[in-house]
Amino acid sequence: MKLAVFFPGIGYHCDKPLLYYSEKIAGQYEYETIKIVYEGLSKNLDEAFDQALFQTEARLAGVDWKRYEDVLFVSKSIGTAVAGAYAAKYAVNCRNIYYTPLEKTFAFTGPKGMVFHGTSDPWAKTEMIQAKCLENNLPLRIIENANHSLEIPEHAGQSLRILADVMEETESYLADTIQYRQITDQEISPELFAQFIRHQKVTMCRRKVNGEWTVAADPFVDDWSSEDYQTLIKCLKNTVLTGGFVCGAFYRGILKGFVSVEASLFGGSHRYLDLSSIHISEDMRGRGIGRVLFQKAASWAAQQGADKLYISAHSAVETQAFYQAMGCVEAQVYHREHVEREPYDCQLEYRLRVK
């Protein structure tokens, strides 16, 4: 059995868009639902929190939490603090969706959940939300220019698109599926990679020696330091800001894979676009995420007018097997900067299905 409980904000009741549609989604996945209703809350935030928690305890007094194998708390604004406080007080093992949390919320958050925050939210500063999510190991979805209702009041169309995107991510979280979407420059920060595991143990490598491809033992462990992550963040931000493509694979709101393609064509008549990175977190490899990300990169590159993707690829035999399975072959023209930067990489290309 599955149960979803909805915790509203002050003035943002359960019939407003974020909670209304998330309840509909929960129903589609056969969750029982309970909607909390607050009455007569004080205008003082601390007093309102105490009153809302008291009313929540009364509403949920008869719930036998042990009956449910999956409990989901969906909360908004002050409701995010109430949901966290209730779960902590009554030791409820639950997943959480926090829509526009407050600073107070992070005194109670559990380890299982995801956060949605708008950069124009007057009730919570983005820098504080980012820091608290990183501290509490919570995945964060930032919506640029959105307010405390995750809306842009002067742009109805944009607000509807934001709502659709948030509900898509909400559904992915409920359904335990992987969501693929483009990543904005605002999102590219240390907390995005807080639960990403680069670690790769390499034993055999495929490399070109004296003009011949050979496979030989060269054991090492490939991982990223904090400095490497800072470099990665800088590079991915630059990719987005210069018109390139960065797409992520998210599981329960957590980044588990990403791919990037640069915007500038090169290689003359070969019309290459550079697939500058593709990585899958160690704990999610072997699930087909890399294939989907590669195909999304190829589709984007074709739309930009490229004929081929160029890949300077890690020489580990597992990595090379992936690119061969994708249909990549040795590049007809080597990119000098890539060769100089990573002399042991394999220089590959992938012909796009250009219509």
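Just so you know, residue 1 is the first one in the sequence shown, and it goes up from there.
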Notebook entry, point to check: Should Asp307 and Arg351 count as an ion pair when the cut-off is N to O under 4.0 Å?
Noted result: no
Check: Thinking salt bridges, do Glu318 and Arg285 make one under a 4.0 Å N-O criterion?
Finding: no
Next item on the list: Would you kindly say whether Tyr68 and Glu32 are connected by a side-chain donor-acceptor distance under 3.5 Å?
Entry: yes
Notebook entry, point to check: Tyr21 and Thr170: side-chain donor and acceptor closer than 3.5 Å?
Noted result: no
Check: Is it true that atom CD of Glu30 has more than 12 heavy atoms of other residues, nucleotides or ligands lying nearer than 6.0 Å?
Finding: no
Check: Relative to each other, are the rings of Phe294 and Phe322 parallel, tilted or perpendicular (30° and 60° limits)?
Finding: perpendicular
Notebook entry, point to check: Any salt bridge between Lys256 and Asp283, counting N to O under 4.0 Å?
Noted result: yes
Notebook entry, point to check: Any Lys/Arg nitrogen of Asp218 or Arg207 sitting under 4.0 Å from an Asp/Glu carboxylate oxygen of the other?
Noted result: yes
Checklist line | Glu227 backbone acceptor or donor facing Thr231 side chain under 3.5 Å | finding: yes
Next item on the list: Name the orientation class of the two ring planes belonging to Tyr229 and Trp224 (parallel below 30°, tilted from 30 to 60°, perpendicular beyond 60°).
Entry: perpendicular
Margin query: Whether the Ser260 and Ser277 side chains hold a donor-acceptor pair (N or O, under 3.5 Å, no angle test) is what I'd like checked.
Written below: yes
Next item on the list: Compute whether any side-chain donor of one residue and acceptor of the other, for Thr119 and Glu144, lie under 3.5 angstrom apart.
Entry: no
Notebook entry, point to check: So, does Ser42 use its side chain to make a donor-acceptor pair with the main chain of Asn44 at under 3.5 Å?
Noted result: yes
Next item on the list: Look at the rings of Trp65 and Phe73 and say which category their plane angle falls in: under 30° parallel, 30 to 60° tilted, over 60° perpendicular.
Entry: perpendicular
Note to self: Whether Asp46 and Lys104 form a salt bridge (side-chain N of Lys/Arg under 4.0 Å from carboxylate O of Asp/Glu) is what I want to check.
What the structure shows: yes
Item checked: Check: Phe196 ring centre within less than 6.0 Å of Phe258 ring centre -> yes
Item checked: Under 3.5 Å side-chain donor-acceptor pair for Ser312 and His335 -> no
Margin query: Between Arg181 and Asp165, is the salt bridge (Lys or Arg N to Asp or Glu O under 4.0 Å) condition met? List the steps.
Written below: CA-CA 10 Å; Arg181 63 171 176 82; Asp165 288 344; over 6 Å; no
Next item on the list: Identify whether the distance between the nearest side-chain nitrogen and carboxylate oxygen of Arg141 and Glu169 falls below 4.0 Å.
Entry: yes
Check: When you check the side-chain N and O atoms of His199 and Asp222, is any donor under 3.5 Å from an acceptor?
Finding: no
Check: Should Lys208 and Glu212 count as an ion pair when the cut-off is N to O under 4.0 Å?
Finding: no
Next item on the list: For Tyr20, look at atom OH and say whether over 12 heavy atoms of other residues, nucleotides or ligands are found less than 6.0 Å away.
Entry: no
Check: Once you round to the nearest 0.5 Å, how far does CZ of Phe193 lie from CD of Gln230?
Finding: 10.5 Å
Check: Quick one: are the ring centres of Trp123 and Tyr12 less than 6.0 Å apart?
Finding: no
Next item on the list: Scan side-chain atoms only and decide if His270 and Gln332 contain a donor-acceptor pair under the 3.5 Å cut-off.
Entry: yes
Next item on the list: Compare every heavy atom of Ser172 with every heavy atom of Ile178, then report the nearest pair and how far apart it is.
Entry: C-OG, 4.0 Å
Checklist line | Full working for ring pair (Phe, Tyr, Trp, His ring centres under 6.0 Å) between Phe250 and Tyr180 | finding: CA-CA 6 Å; Phe250 294 83; Tyr180 299 88; 9.1 Å; no
Next item on the list: Would you name the heavy atoms of Tyr99 and Ser22 that are closest together and state the gap between them?
Entry: OH-CB, 3.6 Å
